[in-house]
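This is a predicted model, so every value here is computed, not measured. Reminder, nothing fancy here: chain letters follow the sequence lines and each chain counts from 1.
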There are 2 protein chains.
Amino acid sequence: MPPVETAGPRRMRADARQNVDALLDAAKDVFAESGVDAPVRAIAERAGVGVGTLYRHFPQRSDLISAVFRREMDACVDAALEIEAAYPPGEALDRWIMRYTQFVAAKRGLAAALHSGDAAYEPLAVSFSTRLVPTLNRLLESARAAGERIAPVAPGEFLGAVADLCHSGPRSSAEASARAERMVGLLLAGLRA
Amino acid sequence: MPPVETAGPRRMRADARQNVDALLDAAKDVFAESGVDAPVRAIAERAGVGVGTLYRHFPQRSDLISAVFRREMDACVDAALEIEAAYPPGEALDRWIMRYTQFVAAKRGLAAALHSGDAAYEPLAVSFSTRLVPTLNRLLESARAAGERIAPVAPGEFLGAVADLCHSGPRSSAEASARAERMVGLLLAGLRA
DNA sequence: AGCAGTAGCGGAACATTGTTCCGCTTAGCC
DNA sequence: GGCTAAGCGGAACAATGTTCCGCTACTGCT
């Protein structure tokens, strides 16, 4: 049984689709409030369904996490286009990295999920590799083409490192956010050393 | 009831002291194998005691973690003395940071504990602030005194960032270790930009 | 509209793990 | 050797993840 809807041979029943949507909404809220380790029952309850229904659509917690985070990830990728249009290559790189920093900081648990190595997070890792990594790669190449001296670095590795630096404490405070940005800034400086 | 032995008014019974030692040894092994989230029962069993005994000496999981990690932390601090004696200030800084990197990478969960913000990890945070932070501070000042241009940075923040970058996957592979060192290197380069 | 078949639902039941409690054991002291 | 309480072990309870299955009601067909 494929999780959620993988373009299966048959259409999904209408009520089932509604439940999936309700679960995604509920999960987004609960994750934001209590982190990705929140009790499964809390999500099911907020969505107004039984735990069985949750497990039917998202056999693994990671499936739910992946689904919730993927949307936000896409928004971050799209932001790159706007930034590239508005700023010269070097500055665009910095600006997008900061945009990405904020994105990761807002989604507690994303960083941990990303390189947990757990095969269950494959969908997230795939989105990461096919969307975010090429985006950074493009920005790096543009900056290099514009004459900037930028250390050779694997884009995926760099993005992973930035995500690590966004590990904030229990509550994402302004202080933690500032700290993350300072350290990411240091990493960016290192890229140009 | 104070955890472990806090210079209480009365001596601890000899068998109790043995159990504490057995627990610390067991916990060190189990943490290394399965991470700091390993089941409490596994630790108690390996130590050959009941869970009640474990809870008597370490009411919180964090007490056990703190006790286990503190020893290793001290070893890392001591290493700085040797390194400072053997290398010029600038190189000593880099070498010690790498030593610290290896230390953190080996202790999965240390980074998370360090800035979890959880008050329970206070003992660890104290050791961190009183031992590691001054060590880095000394190394930074020495390097600056030797004429190196080093960005102003809070030592604690920097050490926290390095710890974050050591977040390896499930198994601490040579690959993950190499990745961590590359990114820490980038951060060090940023320090001198 | 009415019906049959099945996708999907709900939640009880089970498994794992953290945490507490208390009767029994035994080290430390005289 | 005997007294006393520090300390022990593990049963019992609580929270949470996961599975399973009888029942419901949506969909497609006529």
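- Pairs of residues two or more places apart, or lying in two chains, that qualify as side chain to side chain donor-acceptor pair (under 3.5 Å) and include a residue from residues 43-53 of chain B are B/Glu33-B/Arg46.
- Shown here are the salt bridge (charged side-chain N to carboxylate O under 4.0 Å, His left out) partners of A/Asp15, two or more places apart in sequence or in another chain: A/Arg13.
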> If the sugar-phosphate is the primed atoms plus P, OP1 and OP2 and the base is the rest, what is the B/S/- string for nucleotides 18-30 of chain D, using protein heavy atoms under 4.0 Å?
Replying inline: BB------SSS--
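- Partners of B/Glu181 under the salt bridge (charged side-chain N to carboxylate O under 4.0 Å, His left out) rule, at least two apart in sequence or in another chain, do not exist in this structure.
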Solution key, residues 155-163 of chain B side-chain donor-acceptor pairs under 3.5 Å, sequence neighbours excluded:
residue	atom	partner	partner atom	Å
B/Glu157	OE1	A/Arg182	NH2	2.7
B/Glu157	OE2	A/Arg182	NE	2.6
B/Glu157	OE2	A/Arg182	NH2	3.3

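- Residues satisfying the side chain to side chain donor-acceptor pair (under 3.5 Å) criterion with A/Gln102, sequence neighbours excluded, are absent altogether.
- Remark on the helix from C/dA1-D/dT30 to C/dC30-D/dG1: inter-end axis angle 10°, axes from five-pair C1' superpositions, rounded to 10°.
- For residues 43-50 of chain B, proximity to DNA chain C is found at no residue, defined as any non-hydrogen atom under 4.0 angstrom from a strand atom.
- Under the salt bridge (charged side-chain N to carboxylate O under 4.0 Å, His left out) criterion, A/Asp74 pairs with A/Arg131, sequence neighbours left out.
- Using modelled atom types, no side-chain atom of A/Arg99 and backbone atom of A/Val77 make a donor-acceptor pair closer than 3.5 Å.
- Contacts of A/Arg138 classified as side chain to side chain donor-acceptor pair (under 3.5 Å), with partners at least two apart in sequence or in another chain: A/Glu84.
- Side-chain nitrogen and oxygen atoms of A/Asn19 include at least one within less than 4.0 Å of the OP1 or OP2 phosphate oxygen of C/dC9.
- Under the salt bridge (charged side-chain N to carboxylate O under 4.0 Å, His left out) criterion, B/Glu72 pairs with B/Lys107, sequence neighbours left out.
- Qualifying ring pair (Phe, Tyr, Trp, His ring centres under 6.0 Å) partners for B/Tyr100, counting only residues two or more places apart in sequence or in other chains: B/Trp96.
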